[in-house]
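Just so it is clear, the structure is predicted and the values come from calculations on it, not from any experiment. Here is how names work: the chains are called A, B, and so on, in the same order as the sequence lines, proteins then strands, and each is numbered from 1.
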Protein chains: 4
Amino acid sequence: MCSRTSPRPRATGRPGRPRSAEADTAILEATRAALVELGWSKLTMGDVATRAGVAKTTLYRRWANKNELVVDAVAVLFDELELPDLGSLRADIEHVVLQFAALLQRPETKTALMAVVAESTRDEPLRERIRASIVDRQKRLVLEGRQRAQERGELPTDRDPGAIEGTDDLIFDVIAGAVVHRALVSAEPVDQTWVQRFTALLLGGLGAAAAQAAPGARGPSGGPGPDRP
Amino acid sequence: MCSRTSPRPRATGRPGRPRSAEADTAILEATRAALVELGWSKLTMGDVATRAGVAKTTLYRRWANKNELVVDAVAVLFDELELPDLGSLRADIEHVVLQFAALLQRPETKTALMAVVAESTRDEPLRERIRASIVDRQKRLVLEGRQRAQERGELPTDRDPGAIEGTDDLIFDVIAGAVVHRALVSAEPVDQTWVQRFTALLLGGLGAAAAQAAPGARGPSGGPGPDRP
Amino acid sequence: MCSRTSPRPRATGRPGRPRSAEADTAILEATRAALVELGWSKLTMGDVATRAGVAKTTLYRRWANKNELVVDAVAVLFDELELPDLGSLRADIEHVVLQFAALLQRPETKTALMAVVAESTRDEPLRERIRASIVDRQKRLVLEGRQRAQERGELPTDRDPGAIEGTDDLIFDVIAGAVVHRALVSAEPVDQTWVQRFTALLLGGLGAAAAQAAPGARGPSGGPGPDRP
Amino acid sequence: MCSRTSPRPRATGRPGRPRSAEADTAILEATRAALVELGWSKLTMGDVATRAGVAKTTLYRRWANKNELVVDAVAVLFDELELPDLGSLRADIEHVVLQFAALLQRPETKTALMAVVAESTRDEPLRERIRASIVDRQKRLVLEGRQRAQERGELPTDRDPGAIEGTDDLIFDVIAGAVVHRALVSAEPVDQTWVQRFTALLLGGLGAAAAQAAPGARGPSGGPGPDRP
DNA sequence: TGATAAGCGAGACGGTACGTCGGGTCTTCTA
DNA sequence: TAGAAGACCCGACGTACCGTCTCGCTTATCA
């Protein structure tokens, strides 16, 4: 599950001294530590190098600039997101949303995520790197959750009437967007209560869509009613 | 409706030469122009000053730093958001979401919004300024839309069973979050189609909530069915 | 003996509010105080204004710039130099040299004198102001001393053979230059011993010149021998 | 004879890129050029850097401030002062005084010398730097000239009666002071005539001192009489 | 007595330079 | 070749003064 966040790879088996693998990890750790202490805007390459016990040259040999370094340093944290099968779509969603919220509360992600996204509005390669390292990693969870719910019969299969075409992206933006906005823009806690209310809203929407296309079919979580005691 | 975005106000009627009002507007305009041309990260105070035909000190006399300046420069754009009564909750939502998306596509907002939010994670006064200048301005729309829908009977009133307590904040984060995430993180177009699908999902969720509490009551937009030809 | 150091005079009896005389003196005093505390290079017009309890405008209405203000502030100190008749040229010289040295040791003159002279190398009006306010005030002493010595018969009169034409300027530069150089460049104390040795050298020079032109005539201080017990 | 004027030296053989020697000379040359064009007070570090084709940081890495830079830039000019043996003390003095006067007429020295001396009244390290780089370099000439004159028999040797103990410093301040004062304070030309009259005065003083201690001994330049046709 | 003409304190204004900091590149030596 | 060290160029930072300019107000002379 742990995809590689590799800095500017160089073919192995080349002549000359090989790159130090320790340096790589030391740099990424130092970057996260610096993010925690200083935040994005006060993080400097020189400081990261010092913390990592490494020369600035070594940083730039691996990452083109501060943005890409930070993306890589933070990306690995998104590997923590998992989707254990909790038996119902509702439970799965609530679980992953809470997980995601917890991740966003960490100082290193909190300060870094919006910053690199902001930078990416003017930096196409960076946007691509973010997509590959962070966004797709989250999108995969939506895909998995949807498939699992379809297997359980909580959602219509793609060929069913009522299946909403291309819905994965929509769901993803709604979930991730809502959580990020709550956590970083509104700056309010993403707690159990909020998550339950949000999940209810989302499942209601999914159910309504299914019901509208195929009246009589079971909506998500076995109908409009609560499946929570 | 146009709330003031005033920089570090100084009491009037005081001794000494009063602050130039022209400088204020020139600076804010110059800031927006610079954002369009250069983006957030390459915008410099010196450049803004030059564009505005103003000394750097005049900037710093009014705004403590780049962040606060940019918030004020961008905030006024959010005044454009309006909520004309289009006859149905669905139409109202679709309209405002499209409006908001259009605003986010503008280069000055696109590059600035995430950046200042990122900075605000480490800067409490900035967060407060953002809340006052930008967030609350948007939240107002949610409030208005909800009240209007309640008057139309599309949503249960607050005292009705089925009224979701404190839902305004949730709705706000869902709408704003989804649009922002789609536009800036996923970096995909927020077009008519997406907006309709998103609105359908949201209305479904609201309707399901209402139905769950008071079965038989009309959900939003007159029930689960489409009110669109 | 106290010549006026007037700032940009304005005719009296004019309509309008007359200039405050208190402001004048307060400014000059404040300038000297600032020179003592901060030295020339860290003295600022704003600070002087504040110390004097006066607006910056009031300074600039009187003096065109920092240099001219400082010259006037310091010039008045040179009024202290006097030439009491001590009975012999040697005593007169030693007295005035010690006086001058004491003046140069004061922090306000020490820091200001060389500074304004330095500025004057590129500022003709300033040079003229220095000449009028400071240099000529010192030169007068040489003139007086020479005339008094001539009356005593210690120096040949101007029409005597042996009278060195235009010697006043030379003597002035030698005396003032030596003292200034000793005090400010070499930065060594100008004490009794040094003054006596310097005076002996100077009188020797003057005497030799007289003797050369009119052998047998008395040199200064009644011949080569010491007139000091 | 050319003593080094080195900026903040750093040990060689150290790790890291060594300081650029070209930058050193380019900066000093640029400083002199800027002094000629702009004078001391309008010379800026940024301008010097630009002229030298060097970053401002490179300047500050070598010199702590404008004062020290200018001292070093100007000091090398004082290496030009030499004391060729012209056969008599009188000729030697006249020669060196003219040389020194010529040096002081150059715009770079004229504007810089007094300025740094003025600054040095409040800056002990600067004073020390001036002493080492400039003052001692001149004092050496006095020492040489005196020794040469003693070898010629024009001046009593140190152990002779009549030898004035510690006179070198006095002579130095008299010569340098008189010339500087004439050139910069009085702002009058130091030409052949003035130099001859000054030298005559000085030699007279020296001769009188010697004669007073050891009557009958030859004074400087072979007695009080003129050795000039 | 009221118009006119400064002077004055306060402080904003356009500039210019400061000295520092960070980004990203380069050069040297050592491993 | 990698890597540590550090000098280098560049450009922005936020501050400090400069000398000028508006303000509202005061204080004089002149009609």
| query | Closest nucleotide of DNA chain E for C:Gly53 versus for D:Leu43: which of these residues is on the 5' side? | reply | C:Gly53

| message | Taking the nucleotide of DNA chain E with the nearest heavy atom to each, does A:Thr44 or C:Ala23 sit closer to the 5' end? | response | C:Ala23

Quick check: do [X] and [Y] have side-chain heavy atoms less than 4.5 Å from each other?
| X | Y | value |
| --- | --- | --- |
| A:Val74 | A:Leu35 | yes |
| D:Val76 | D:Leu28 | no |
| C:Asp72 | C:Ser133 | yes |
| B:Val48 | B:Trp63 | no |
| A:Arg51 | A:Ile27 | no |

| query | In degrees rounded to 10°, what angle is found between the helical axes fit to the five outermost pairs at each end of the helix from E:dT1-F:dA31 to E:dA31-F:dT1? | reply | 10°

| note | Result for 5'-nearest mapping on DNA chain F, choosing between A:Thr58 and C:Gly46, is A:Thr58

Would you tabulate the side-chain donor-acceptor contacts of residues 114-122 of chain B under 3.5 Å, counting partners in other chains and residues two or more places apart, or write 'none'?
residue  : atom : partner  : partner atom : Å
B:Glu119 : OE1  : A:Ser41  : OG           : 3.3
B:Ser120 : OG   : B:Val117 : O            : 2.6
B:Thr121 : OG1  : B:Ala118 : O            : 2.7
B:Arg122 : NH1  : A:Glu37  : O            : 3.2
B:Arg122 : NH2  : A:Val36  : O            : 2.3

Rounding to an integer number of Å, can you tell me how far [X] [atom1] sits from [N] [atom2]?
| X | N | atom1 | atom2 | value |
| --- | --- | --- | --- | --- |
| B:Lys42 | F:dC10 | NZ | P | 17 Å |
| A:Arg62 | F:dT1 | CZ | P | 16 Å |
| A:Ile27 | F:dA2 | CD1 | P | 13 Å |

| remark: Taking every heavy atom of C:Thr31 against every heavy atom of C:Leu43, the minimum-distance pair comes out as O-CD1, 3.8 Å

| F:dG3 phosphate, OP1 or OP2: any side-chain N/O from A:Arg61 under 4.0 angstrom? | yes

| For DNA chain E, which nucleotides open and close the run of contacts to chain A, 5' to 3', at under 4.0 angstrom from a non-hydrogen atom? | E:dG22 to E:dA31

| request: Decide, yes or no, whether a salt bridge links D:Arg32 with D:Glu108 under the criterion of side-chain N to carboxylate O below 4.0 Å. | output: no

| query | Partners of B:Arg62 by salt bridge (Lys or Arg N to Asp or Glu O under 4.0 Å), sequence neighbours excluded? | reply | B:Asp24

| task | Check salt bridge (Lys or Arg N to Asp or Glu O under 4.0 Å) between A:Arg127 and all other residues, then give those that pass, not counting sequence neighbours. | result | A:Glu124

| Protein-to-nucleotide contact annotation, 5' to 3' order, nucleotides 19-24 of chain F [B base; S sugar-phosphate only; - none; under 4.0 Å, heavy atom] | BBBB--

| message | Ring of B:Trp40, cation from B:Lys110 - is the NZ or CZ under 6.0 Å from the centre and inside 45° of the axis? | response | no

